[in-house]
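These numbers come from the heavy atoms of this one structure, side chains and all, not from hydrogens, waters or symmetry mates. Order of appearance sets the numbers: ligands from 1, and atoms from 1 within every ligand.
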Amino acid sequence: MAQDLVDGLLIKARSHLPPPSEPLGKLSKRDRKGVAVIKLKNPPVNSLSLEVLTEFVISLEKLENDKTFRGVIVTSDCPGIFSAGLDLTEMCGKSQAHYAEFWRAVQELWLRLYLSNLVLIAAINGVSPAGGCLISLTCDYRVLADNPKYNIGLNETLLGVVAPSWFKDTLVNTVGHRTAERALQLGLLFPPAEALRVGMVDQVVPEDQVHSTALSVMAQWLAVPDHARQLTKSLMRKPTADRLVKQRDADIQYFLQFVSRDSIQKSLRMYLDKLRQKKG
Ligand SMILES: CC/C=C\CC/C=C/CC(=O)SCCNC(=O)CCNC(=O)[C@H](O)C(C)(C)COP(=O)(O)OP(=O)(O)OC[C@H]1O[C@@H](n2cnc3c(N)ncnc32)[C@H](O)[C@@H]1OP(=O)(O)O
């Protein structure tokens, strides 16, 4: 991979794309050095299918192992949508083995992102419910485009499902217990100003400035020596991650039991039908 350019890794369903270079922002080449861009691209809504989750993990692993990279900007290639969250079709009418494989992939991505040695900045250029929000919450800093349609939050309860404890922990670690409790129980999706007020995002900027702001923020984070920053990040995050690591299999079993219930399957199907009927 080129060392001194902003590199784009398009994560796309059904293809393993080479990383195209992409001119981003107006920062100098020096500021961009060692920064990769992961653009989610799974139209129409960037749902996190098993394939997307797997490719995301592989891309991150490659970047972690390539010592020329120190930071990653996570963003979307789908206009107006950062990510619609976990692909609901992966959780409906499938086999137990499929649910287990899918949930392990969700866990793996979360662990990779949450404990990444790289600086991760989310450039949130669209709506970001549930799993989409979770991805951004694992980043070190979140920049959200100022568009009233770009809601962000963990809305699982509105689907009739429960955000797992590690989703909850990630939110609590970001916004605090009381805000998280209210947001989780009510399944709140926050518009940009509210998201900023409660600390769900760190900055709200005009839409055309999301990438340049993410690059500026990245430069600030990369000014800190990697070793000290990485150890500090680990100090802050490892206890949370360890809670999942210690009970990964039990967490998968719980997911299997939960998602296989007739009532949950019914809720998910009704929710998907509602989305599909919305069109007309
Ligand atoms: C023990 C633990 C147990 C369970 C934990 C489960 C955890 C789940 C976490 C999740 O992430 S669940 C997913 C939650 N996501 C959502 O609630 C978002 C749903 N989607 C939307 O609200 C909207 O689609 C949108 C605002 C993202 C975009 O709106 P718009 O641009 O108007 O697109 P459409 O709604 O027309 O959707 C186009 C197309 O995409 C399908 N779709 C949307 N979201 C998903 C999804 N998450 N998974 C799969 N498919 C999705 C939608 O049905 C449409 O399909 P068509 O066939 O009609 O084209």
Side-chain angles (χ1 to χ4, degrees), residues 13 40-53 56 76-94 96 98-110 113 124-138 144-145 147-171 180 183-192 195 243-244 247-280:
L40 286 166
K41 186 173 189 178
N42 188 24
V45 293
N46 271 343
S47 61
L48 302 168
S49 62
L50 178 58
E51 191 175 10
V52 169
L53 294 165
F56 205 152
S76 161
D77 198 56
C78 289
I81 296 168
F82 181 70
S83 166
L86 300 187
D87 190 327
L88 293 164
T89 63
E90 303 274 18
M91 295 187 269
C92 276
K94 298 281 198 297
Q96 295 277 303
H98 182 85
Y99 294 145
E101 189 184 4
F102 179 66
W103 200 246
R104 189 170 288 281
V106 178
Q107 291 176 336
E108 188 61 31
L109 180 62
W110 180 78
L113 286 166
I124 310 166
N125 50 351
V127 62
S128 185
C133 173
L134 184 73
I135 286 179
S136 71
L137 290 174
T138 62
L144 174 60
N147 181 320
K149 290 185 187 155
Y150 294 175
N151 292 338
I152 181 167
L154 296 179
N155 62 327
E156 279 80 354
T157 53
L158 299 185
L159 285 69
V161 299
V162 181
S165 57
W166 37 288
F167 284 41
K168 179 265 295 173
D169 289 344
T170 317
L171 184 62
L184 283 167
Q185 287 200 44
L186 296 176
L188 295 179
L189 288 169
F190 296 94
R243 281 203 285 278
L244 175 63
Q247 45 128 18
R248 266 187 96 162
D249 289 336
D251 185 68
I252 291 172
Q253 286 311 314
Y254 182 76
F255 175 73
L256 289 186
Q257 279 175 17
F258 186 83
V259 84
S260 306
R261 281 186 208 162
D262 287 346
S263 59
I264 299 302
Q265 284 292 305
K266 199 173 158 195
S267 294
L268 291 174
R269 281 216 179 83
M270 277 171 56
Y271 190 75
L272 263 172
D273 285 348
K274 210 169 77 184
L275 285 173
R276 286 171 181 150
Q277 281 161 14
K278 207 176 61 178
K279 283 178 186 159

Element-labelled atoms of ligand 1 that are located less than 4.0 Å from some non-hydrogen atom of L86: 7 (C), 8 (C), 9 (C), 10 (C), 11 (O), 13 (C), 46 (C), 47 (N), 48 (N)

Logged contact type for V259 with ligand 1, heavy-atom cut-off 4.0 Å, is neither

Contact bool for atom 25 (C) of ligand 1 (protein heavy atom, d < 4.0 Å): no

Residue portion contacting ligand 1 (non-hydrogen atoms closer than 4.0 Å) for P129: side chain

Salt bridge check: are R104 and D251 linked by an N-O gap of less than 4.0 Å? no

Give the atom numbers and elements of ligand 1 that come within less than 4.0 Å of a heavy atom of G85. 11 (O)

Under 3.5 Å, N or O to N or O, is W103 touching ligand 1 that way? no

If you measure from each non-hydrogen atom of I81 to ligand 1, which part falls under 4.0 Å: side chain, backbone, both or neither? side chain

Quick check: does any side chain N or O of S47 sit under 3.5 Å from a backbone N or O of A84, one acting as donor and the other as acceptor? no

What atoms of ligand 1 come closer than 4.0 angstrom to any heavy atom of D87? 48 (N), 49 (C)

Answer side chain, backbone, both or neither: which part of N155 comes under 4.0 Å from ligand 1, heavy atoms only. side chain

Part of V45 with heavy atoms under 4.0 Å of ligand 1, whether side chain, backbone, both or neither: side chain

